[in-house]
Participant: 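Dumping the structure here so I can ask a few things about it.
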Amino acid sequence: MLSVENLTLHYGASQILHGISLTARPGAVTAVMGTNGVGKTSLLKAIAGRHPYTDGRITLDGAELNHLGAAQAARAGIGYVPQGREVFSLLTVAENLETGFACLPKSERAIPPRIYDLFPVLAQMRNRRGGDLSGGQQQQLAIARALITRPRVLLLDEPTEGIQPNIIKQIGEVIALLRDEGEIAIVLVEQYFDFAYQLADHLVVLNRGEVRLSESAAVVERERLLREVSI
């Protein structure tokens with residue numbers, strides 16, 4: 001289980017997160033929602049070791065991550081799919097996937113067939129350069145690359161942004177499958193309301209860097225969530 005307790009984060013003199021707390025459990029999707037600029041991406045970056053946080057604790061299965069950098073957080077079990085994908089445009093699909101090997105012992109450095117089962121288009125395009133892929137294909141590649149590291153937590157930042165509807169559906173099916181397998185805790189930051197609402201097991205709404213709502217998705221009505229997110 002991922003636990004974030006009273007997390008505070010600054011960019012220079014500006015405080016972005018104000019005492020954020022949340023938990024993400026294996027076999028569940030924790031959807032973090034809110035308007036632009038409320039701190040959603042900053043929260044994921046802090047968990048992933050991409051940006052230092054000022055105060056608070058982040059623990060994974062009870063072990064404190066203790067301000068780890070990005071590489072150390074990945075080795076600890078944090079898989080991160082950033083907004084914008086960060087695919088290496090000059091590397092092939094296979095080579096992009098192989099960048100995830102750095103988190104694995106040498107004996108496990110192979111692309112599992114399951115990756116290509118989840119994303120068949122990547123098998124067809126494994127020798128194509130990442131920059132030649134469409135936006136939707138790059139998003140699938142970015143998620144697959146994170147899964148190569150065998151994460152215990154998967155952080156997804158706006159996975160539907162700029163993606164065509166048929167690819168959005170495929171990505172949603174993969175997220176649902178990973179959730180139902182029960183081994184990975186998934187934290188989903190998403191502006192596409194219905195996509196997040198349909199997948200979420202737990203809902204967290206941020207407003208001005210603070211948690212405005214944190215409840216089981218089963219008890220939050222769609223109309224109420226729409227109001228909370230739009231404030």
Side-chain angles (χ1 to χ4, degrees), residues 2 4 20 22-45 47-48 78-87 114-115 117-122 133-147 151-207 211-231:
L2 175 74
V4 176
I20 299 292
L22 62 82
T23 57
R25 301 179 182 278
V29 174
T30 300
V32 180
M33 305 176 71
T35 57
N36 286 329
V38 298
K40 304 185 300 296
T41 291
S42 295
L43 173 61
L44 292 197
K45 285 184 175 180
I47 297 170
I78 305 294
Y80 179 48
V81 182
Q83 188 177 22
R85 301 150 200 157
E86 297 183 6
V87 164
R114 181 171 183 267
I115 292 294
D117 292 339
L118 291 173
F119 302 105
V121 69
L122 300 183
L133 274 58
S134 70
Q137 291 163 348
Q138 288 188 359
Q139 186 65 64
Q140 292 177 83
L141 176 56
I143 297 172
R145 181 179 57 192
L147 293 176
R152 289 181 285 164
V153 177
L154 181 63
L155 309 176
L156 300 167
D157 194 355
E158 303 283 2
T160 72
E161 185 178 41
I163 307 300
Q164 55 268 45
N166 65 314
I167 303 297
I168 290 176
K169 180 181 178 182
Q170 293 172 24
I171 289 173
E173 289 170 350
V174 169
I175 294 171
L177 176 62
L178 294 172
R179 174 196 61 201
D180 294 345
E181 289 175 346
E183 297 181 1
I184 300 177
I186 300 170
V187 181
L188 170 68
V189 162
E190 184 54 66
Q191 291 276 25
Y192 182 3
F193 181 90
D194 287 331
F195 182 85
Y197 184 66
Q198 290 166 11
L199 283 170
D201 299 286
H202 192 87
L203 293 160
V204 176
V205 176
L206 299 187
N207 184 272
V211 174
R212 182 178 179 88
L213 177 149
S214 179
E215 293 186 29
S216 167
V219 301
V220 180
E221 295 182 354
R222 186 177 187 278
E223 290 71 22
R224 177 191 170 199
L225 182 62
L226 269 172
R227 289 195 302 271
E228 295 288 356
V229 170
S230 62
I231 291 175

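What you see is a predicted model, and the numbers here were worked out from it, not measured in a lab.
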Participant: To check you understand the geometry: which heavy-atom pair defines the closest contact between Gly79 and Pro151, and what is its length?
Facilitator: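 Closest heavy-atom pair between Gly79 and Pro151: N-CB, 3.6 Å.
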Participant: What are the two closest non-hydrogen atoms of Gly182 and Pro26, and how far apart are they?
Facilitator: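 It is O-CB, 3.6 Å.
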Participant: Are side-chain heavy atoms of Leu22 and Leu43 found at a separation under 4.5 Å?
Facilitator: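 Yes; the side chains approach each other to less than 4.5 Å.
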Participant: Restricting to side-chain contact (heavy atoms from CB on, under 4.5 Å), what partner residues turn up for Arg25, sequence neighbours left out?
Facilitator: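 Partners of Arg25 under the side-chain contact (heavy atoms from CB on, under 4.5 Å) test: Met1.
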Participant: Kindly list each side-chain donor-acceptor pair under 3.5 angstrom involving residues 136-146, sequence neighbours excluded, with atom names and distances?
Facilitator:
{"from": "Gln137", "atom 1": "OE1", "to": "Ser134", "atom 2": "N", "distance (Å)": "2.9"}
{"from": "Gln137", "atom 1": "OE1", "to": "Ser134", "atom 2": "OG", "distance (Å)": "3.4"}
{"from": "Gln138", "atom 1": "NE2", "to": "Gly130", "atom 2": "O", "distance (Å)": "3.0"}
{"from": "Gln139", "atom 1": "OE1", "to": "Arg85", "atom 2": "NE", "distance (Å)": "3.3"}
{"from": "Gln140", "atom 1": "NE2", "to": "Gly136", "atom 2": "O", "distance (Å)": "3.4"}
{"from": "Arg145", "atom 1": "NH1", "to": "Glu86", "atom 2": "O", "distance (Å)": "3.0"}
{"from": "Arg145", "atom 1": "NH2", "to": "Arg85", "atom 2": "O", "distance (Å)": "2.8"}
{"from": "Arg145", "atom 1": "NH2", "to": "Glu86", "atom 2": "O", "distance (Å)": "3.2"}

Participant: Which atom pair, heavy atoms only, marks the closest approach of Ala185 to Ala24?
Facilitator: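 That would be CB-O, 3.6 Å.
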Participant: Is any side-chain heavy atom of Glu181 closer than 4.5 Å to a side-chain heavy atom of Leu177?
Facilitator: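 In contact.
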Participant: Indicate the atoms forming the closest heavy-atom contact of Ser214 with Val211, along with that distance.
Facilitator: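 Scanning both residues, the minimum pair turns out to be CB-CG1, 4.0 Å.
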Participant: Taking side chain as C-beta onward, heavy atoms only, is Leu178 less than 4.5 Å from Leu147?
Facilitator: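 The answer is yes; the side chains approach within 4.5 Å.
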Participant: Can you name the residues that form a side-chain contact (heavy atoms from CB on, under 4.5 Å) with Asn36, not counting sequence neighbours?
Facilitator: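 Gln191.
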Participant: Are the side chains of Ile47 and Tyr80 in touch, meaning some heavy atoms are under 4.5 Å apart?
Facilitator: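 Contact flag for Ile47/Tyr80 side chains = no.
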Participant: What distance do Phe195 atom CZ and Lys169 atom NZ have between them, rounded to the nearest 0.5 Å?
Facilitator: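 Phe195 atom CZ to Lys169 atom NZ measures 12.5 Å (nearest 0.5 Å).
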Participant: Flag the pair Met33 / Tyr197 as yes when at least one side-chain heavy-atom distance between them is below 4.5 Å, and no otherwise.
Facilitator: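 Heavy-atom side-chain distance check fails, nothing below 4.5 Å.
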Participant: Can you confirm whether Gln164 sits close enough to Ile168 that some side-chain heavy atom of one is under 4.5 Å from a side-chain heavy atom of the other?
Facilitator: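 Sidechains of Ile168 and Gln164: no contact.
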Participant: Do side-chain atoms of Glu190 reach the backbone of Tyr192 as a donor and acceptor pair under 3.5 angstrom?
Facilitator: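 Judged by distance alone, yes, a pair lies under 3.5 Å.
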Participant: Decide yes or no on side chain to side chain contact (heavy atoms under 4.5 Å, CB included) for Leu2 and Val187, but give the supporting numbers first.
Facilitator: CA-CA 9 Å; Leu2 175 74; Val187 181; 4.2 Å; yes
Participant: Does Leu156 reach the side chain of Ile175, with side-chain heavy atoms less than 4.5 Å apart?
Facilitator: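 Heavy-atom side-chain distance check passes, below 4.5 Å.
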Participant: Using a strict 4.0 Å threshold on nitrogen-to-oxygen distance, state whether Lys45 and Asp157 make a salt bridge.
Facilitator: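 Salt bridge flag = no for Asp157 with Lys45.
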Participant: How close do Leu155 and Leu44 get, heavy atom to heavy atom, and via which atoms?
Facilitator: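 Looking at all heavy atoms of both residues, the shortest contact is CD1-O, 3.7 Å.
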Participant: How many angstroms lie between atom CG of Leu213 and atom CG of Leu203, to the nearest 0.5 angstrom?
Facilitator: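 Leu213 atom CG to Leu203 atom CG measures 7.0 Å (nearest 0.5 Å).
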Participant: Within this structure, what is the CZ-CZ distance for the pair Arg224 and Arg227, rounded to the nearest 0.5 Å?
Facilitator: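 The CZ atom of Arg227 is 8.0 Å from CZ of Arg224, to the nearest 0.5 Å.
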Participant: To the nearest 0.5 Å, how far apart are CG in Leu199 and CG in Leu188?
Facilitator: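 Result: 6.5 Å between the selected atoms.
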Participant: Look up atom CG in Leu206 and atom OG in Ser42, then write down how far apart they are to the nearest 0.5 Å.
Facilitator: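 Answer for the CG-OG pair, Leu206 versus Ser42, is 10.0 Å.
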Participant: Could you measure the distance from the CG atom of Leu154 to the CD1 atom of Ile78? Nearest 0.5 Å is fine.
Facilitator: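 Spacing of CG (Leu154) from CD1 (Ile78) equals 10.0 Å.
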Participant: What heavy-atom pair brings Lys40 and Thr35 nearest, and what distance separates the two atoms?
Facilitator: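 Closest heavy-atom pair between Lys40 and Thr35: NZ-O, 3.0 Å.
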Participant: Please say whether more than 12 non-hydrogen atoms of neighbouring residues, nucleotides or ligands are located less than 6.0 Å from CD in Glu183.
Facilitator: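 For Glu183, atom CD is not crowded (no more than 12 foreign heavy atoms under 6.0 Å).
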